[in-house]
Amino acid sequence: MLDIVQAKSTQTPYRVTLTDPSGHVWYADEPIEKGGQNTAPDPVQLLLSALGACTTITLEMYANHKGIKLEHVHVNLTMNPNGPPETGQNNIERKIILKGEFTEDQHKRLLKVAESCPVHKILTSNISIQTDMTF
């Protein structure tokens, strides 16, 4: 199945309505200091949230499949925590907090699993974006 999202402008400056073929609706906006209304996460927060959600789901699926007693996953994400990149290389800091009963070996394996979530793989790959614009 293709991952498809549509983004549409609204009457409110910088507020965007996002939809998918399943009928889900969510929004993006900019903070007030950038001219938005701060009614929804900004686009970078949405990007980080995709990584956080994917990390959490991937860890839960793996733990369930392997019978690991993983009670809770908490992921904190920050884009460029040390300020804007001088070299053009952005940095995402991801801190994962796990609660549950698992061995040190399982803990190490869970870290590897987190690094193999699909969004992590996309963000660390060479990405190409083809754009077509119509009027």
Side-chain angles (χ1 to χ4, degrees):
M1 182 170 109
L2 293 176
D3 291 319
I4 299 171
V5 171
Q6 290 186 340
K8 297 179 183 177
S9 62
T10 66
Q11 296 298 315
T12 304
Y14 309 128
R15 183 173 164 92
V16 177
T17 300
L18 302 155
T19 59
D20 69 11
S22 296
H24 298 112
V25 178
W26 65 109
Y27 303 94
D29 197 353
E30 286 291 338
I32 291 171
E33 59 270 15
K34 289 187 176 179
Q37 300 300 306
N38 199 33
T39 62
D42 69 34
V44 173
Q45 290 170 319
L46 289 173
L47 176 73
L48 293 175
S49 68
L51 178 59
C54 188
T55 300
T56 302
I57 291 167
T58 300
L59 287 169
E60 288 177 342
M61 285 180 164
Y62 178 81
N64 286 339
H65 179 72
K66 295 294 186 178
I68 298 171
K69 294 183 180 180
L70 182 59
E71 297 168 15
H72 185 76
V73 179
H74 183 113
V75 182
N76 290 320
L77 295 135
T78 307
M79 177 67 83
N80 298 319
N82 299 319
E86 294 179 17
T87 62
Q89 175 69 43
N90 287 295
N91 180 42
I92 296 174
E93 183 177 276
R94 177 174 58 177
K95 294 184 179 180
I96 304 169
I97 303 160
L98 303 177
K99 286 189 178 183
E101 296 179 29
F102 35 83
T103 66
E104 186 175 330
D105 285 342
Q106 288 171 326
H107 185 265
K108 288 178 185 176
R109 181 66 188 137
L110 288 166
L111 176 60
K112 285 282 201 196
V113 167
E115 292 175 347
S116 69
C117 88
V119 173
H120 181 102
K121 286 181 178 180
I122 291 168
L123 291 173
T124 57
S125 72
N126 186 7
I127 299 173
S128 174
I129 300 173
Q130 292 80 38
T131 303
D132 180 27
M133 185 181 296
T134 59
F135 299 92

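Every value quoted in this text rests on a predicted model; they were computed, and no experiment measured them. Residue numbers run from 1 in the order of the sequence given.
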**Q** Starting at CG of L98, measure out to CD of E71 and round the result to the nearest 0.5 Å.
**A** 11.0 Å
**Q** Of all residues at least two apart in sequence or in a different chain, which pass the side-chain contact (heavy atoms from CB on, under 4.5 Å) check with P21?
**A** I4
**Q** Look up atom CG in L51 and atom CG in L47, then write down how far apart they are to the nearest 0.5 Å.
**A** 7.5 Å
**Q** First locate atom NE2 of H120, then atom SG of C54, and finally report the distance between them rounded to the nearest 0.5 Å.
**A** 10.0 Å
**Q** Please name the pair of heavy atoms, one in S116 and one in K121, separated by the smallest distance, quoted to 0.1 Å.
**A** O-CE, 3.3 Å
**Q** Donor-acceptor pairs under 3.5 Å, side chain of residues 25-37 to any protein atom, not counting sequence neighbours: which ones?
**A**
residue : atom : partner : partner atom : Å
D29     : OD1  : Q37     : N            : 3.3
D29     : OD2  : Q37     : N            : 3.2
D29     : OD2  : N38     : N            : 3.1
D29     : OD2  : T39     : N            : 3.0
D29     : OD2  : T39     : OG1          : 2.7

**Q** Which atom names give the shortest non-hydrogen contact between R94 and A114, and what distance separates them?
**A** NH1-O, 3.4 Å
**Q** Show every donor-acceptor pair shorter than 3.5 Å between a side-chain atom in residues 61-70 and any protein atom, with sequence neighbours excluded, or say none if there are none.
**A**
residue : atom : partner : partner atom : Å
Y62     : OH   : R109    : NE           : 3.4
N64     : ND2  : E60     : O            : 3.3

**Q** T17 and T10: which non-hydrogen atoms are nearest, and at how many Å?
**A** OG1-CG2, 3.3 Å
**Q** Please tabulate, for the side chains in residues 76-86, all donor-acceptor contacts under 3.5 angstrom to protein atoms that are two or more places apart in sequence or on a different chain.
**A**
residue : atom : partner : partner atom : Å
N76     : OD1  : H74     : NE2          : 3.0
N80     : OD1  : N91     : N            : 2.7
N80     : ND2  : N90     : OD1          : 2.8

**Q** Return the set of residues passing side-chain contact (heavy atoms from CB on, under 4.5 Å) with L111 (not counting sequence neighbours), or none when no residue passes.
**A** E115
**Q** Return each pair, listed once, that meets salt bridge (charged side-chain N to carboxylate O under 4.0 Å, His left out) where at least one residue sits in residues 97-108; pairs must be two or more places apart or across chains.
**A** E104-K108
**Q** What pair of heavy atoms forms the shortest contact from L46 to S49, and how long is it?
**A** O-OG, 2.7 Å
**Q** Nearest 0.5 Å, please: how far is CG in D20 from CG in D3?
**A** 9.5 Å
